[in-house]
Amino acid sequence: MLERNEQTICAISTPHGVGGIAVIRVSGPRSLEICKNFSNVLKNKKIESHRVYFSDFLDLKSNKVDEVLFTFFEKGKSFTGEETIEISCHGSRFVTQQILDLLIKAGARMADKGEFTYRAFMNGKLDLIQAESVLGLIESQNKAAAKVALRQLDGYVSQEFEKNISDLTWCLAHIEASIDFIEQGIEVVDNNVLTEKLKLILHSLEKLIQSYNSGRLIKDGIRVALIGAPNVGKSSLLNLLVKNEKAIVTPVAGTTRDVIESETIYEGLKFNIIDTAGLRETQDQIEVIGIDRSKKEAEKADVICIVVDATSLVSASGANEIKDTLKQVPERKDVKKILLINKKDAITEAQARELLKVAANAQVNSVLMTSSQVQQSRAEILEEIKKTVGNFDYLEEAVISTARQLEQAEYSFEMISKSLRELENNMGAEFVAMYLKESLVSLQKILGQVYDDQIMDRVFKEFCLGK
Ligand SMILES: Nc1nc2c(ncn2[C@@H]2O[C@H](COP(=O)(O)OP(=O)(O)OP(=O)(O)O)[C@@H](O)[C@H]2O)c(=O)[nH]1
Ligand SMILES: [Mg+2]
C-alpha cells in the first residue's frame, strides 16, 4: 500500500452541476500512466509539459465517453508540485462521473477536500498563508477581497513574516551566544541594539495585527444595521443602498416586522445592509419579536446607522428625540455609530442647518443628512461608513485575513513584549531567550514552517473538493 502522499488523486475542480465544460484534476506520480489507459493520443505521442492534447476519452472497452482536452504538467511544474493532468471534458454530471469512475478503477483515488492545495504546501509550492489565500481567492466576492487574497498568494504577506522571523532568529542567536559567553565576561550584543531590533519587529507585527480588522471587513463585508423608530425611512434607505426594492415601504408605522438583509458593492467593498423593525413600545406580539431581533442585529453589526426622521425632528424637540432614539440602541463600545437624519428632501435648508447644530452633541461617530429620494445619498452614506469603519489604505500593504494568522501574530507580539520587559529590567538572558523562542515558533506556525495536525485541520477543513 502506498503512503497517502504517494497516491494519485483525482476530483472535479469546477463547480458541481451542469456546465459547458468541467475540469477534472489528476495529481500524483501515476497521473500520466493512468490517463494513458483512456486515450490513444496520450499513448502514442511524446507528451510534453504545459501542452494540451485533444483526444477521445475511451473506456476500457474502447467505447467513447467524451471528447476531451488533456493538459499535462510534469513533476515540479504544476500547482501541486506533482505530475498533474487536467482533463477538460463536457460538463454533464453523467460524463464527469463516468470519467472519475474510470480514473479510480485505473488506480487513482478521490481527493479529500483541499488535498491539491495541501499537496502544494507539502511540496513547498506554497506556504500556509498562501494556502489560505487560495481559499480566500476562491471565495472572494468583490474586488478588494480578491486583491487581498492575490497579494497573499504572491507572497507579499509571507515576506513580511519571513523578515520578522529572520530578525527574530538573529536576536535569539545573539542572546543564546551571550548566555554561553557571559561567564568569560564577553558581551556578544549590546542590549540597546537588541531592544531596537525587537521594537522594530513589534512594530511590524502590530501593523499586521491591525490589518486583520480591515482584512476581515474586506473578506466578509461590512455589516451595517439600520436602526430607528418606525416610519423614519429605514426600509427606503435599504432599498436605495442595495439599488433594489428589497423591503416593503408604506406610510404605516410598523411595516417591517422581520430582519431583512441584502448586500451591495461600493468601490470594490462589500456591504451587508440589514433593515430592521422600527423600535417602539408595542403590544403586538409579532412586532415585539421583530424589535428583539433588531436589537440583536445591532449587537452583531460593525456599524449601526441610527435613522431619525428630519420632518418629525423639526416639529418636535429635535435634541430630545435624537437622545431618545440613541437610548434605545444597544450599548457597545466597539461599534461605530452614524446618525442619519433622513427625509432631508422634506425640510428647508435652514431647518437642515438647525438640525445639524442640534445633532452636534449626539454621542455618535458622525452625522449625515440623507434622503431615500435623493440618489446621491447612497454614495454619501456608503462613503461615510467606509471612512468610519476602518482604514482601507491597508489594501496596498500586507493584510492578514484569517483568525489563525491573527492568533499566532498576537501571541508572538505578546512574547516579544515580555522579552522586552525582561531586557529593560535587566533580568536573566535565559528568560528573554525563552520568550523569543515562543514568539519565533508562533511566526513559523503562521507560515507553516512548523505545523501539526491541528494546524493542518484548521487550514484545510474549509476547502471544498477539487481545490
Ligand atoms: N419625503 C421622504 N419620505 C420618505 C423618505 N424615506 C422614507 N419616506 C417615507 O416614509 C414612510 C416610511 O418609510 P419606510 O421606509 O417604510 O420606513 P421604516 O423606517 O422602514 O418604517 P418601519 O418599517 O415601520 O419601521 C414611507 O411613506 C416612505 O415613502 C425620504 O427620504 N423622504
Ligand atoms: Mg421598514
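For the single chain, residues carry numbers from 1 onward in sequence order. Counting convention: from 1, in listed order, for ligands and their atoms alike.
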Does the N or O separation between [X] and ligand 1 drop below 3.5 Å for any pair?
X      : result
Gly233 : yes
Pro230 : no
Ser371 : yes
Ala346 : no
Ser372 : yes
Thr370 : no

With a cut-off of 4.0 Å, which atoms of ligand 1 are near a heavy atom of [X]?
X      : answer
Pro251 : 27 (O)
Gly254 : 24 (O)
Gly278 : 25 (O)

If you have a sec, work out which protein heavy atom is nearest [atom] and how many Å separate them, to one decimal?
atom                    : result
atom 18 (P) of ligand 1 : Lys234 N, 3.5 Å
atom 10 (O) of ligand 1 : Lys343 NZ, 3.1 Å
atom 7 (C) of ligand 1  : Ser236 OG, 3.1 Å
atom 22 (P) of ligand 1 : Asn231 N, 3.6 Å
atom 29 (O) of ligand 1 : Val249 CG1, 3.9 Å

Charged N to carboxylate O below 4.0 Å: is that the case for [X] and [Y]?
X      : Y      : answer
Asp292 : Lys296 : yes
Asp452 : Lys445 : no
Lys357 : Glu354 : yes

Quiz item: Where the side chain of Asp275 meets the backbone of Ile260, is there a donor-acceptor pair that is under 3.5 Å apart?
Solution: no
Quiz prompt | Ala403 backbone acceptor or donor facing Arg216 side chain under 3.5 Å | solution = no
Quiz item: With ring centroids as reference points, do His50 and Phe72 lie under 6.0 angstrom apart?
Solution: no
Quiz item: When the aromatic ring centroids of Phe463 and Phe460 are compared, is their separation below 6.0 Å?
Solution: yes
Quiz item: Run the side chain to side chain donor-acceptor pair (under 3.5 Å) check on Gln405 and Glu132 step by step: do they pass?
Solution: CA-CA 10 Å; Gln405 294 164 10; Glu132 284 170 320; 2.7 Å; yes
Exercise. Please name the residue in the list Thr325, Leu368, Val308 that meets the side-chain contact (heavy atoms from CB on, under 4.5 Å) test with Leu339.
Key: Val308
Quiz item: What are the protein N/O/S atoms, named by residue and atom, that sit under 2.8 Å from the Mg ion (ligand 2)?
Solution: Ser235 OG, Thr256 OG1
With backbone taken as N, CA, C and O and side chain as the heavy atoms from C-beta onward, which portion of [X] lies under 4.0 Å from ligand 1: side chain, backbone, both, or neither?
X      : value
Val252 : backbone
Ala253 : backbone
Asp345 : side chain

Quiz item: Which pairs, with at least one residue in residues 117-129 and sequence neighbours excluded, count as a salt bridge (Lys or Arg N to Asp or Glu O under 4.0 Å)?
Solution: Glu82-Arg119, Glu115-Arg119
Practice problem: Work out which heavy atom in Thr14 is nearest to a heavy atom in Val23; give both atom names and the distance. | Solution: OG1-N, 3.0 Å
Quiz item: Of the listed options (Leu226, Leu237, Thr250, Ile291), which comes nearest to atom 16 (O) of ligand 1 when hydrogens are ignored and any heavy atom counts?
Solution: Thr250
Practice problem: Could you please spell out the steps behind the side chain to side chain donor-acceptor pair (under 3.5 Å) verdict for Asp309 and Thr311? | Solution: CA-CA 6 Å; Asp309 180 341; Thr311 58; 2.6 Å; yes
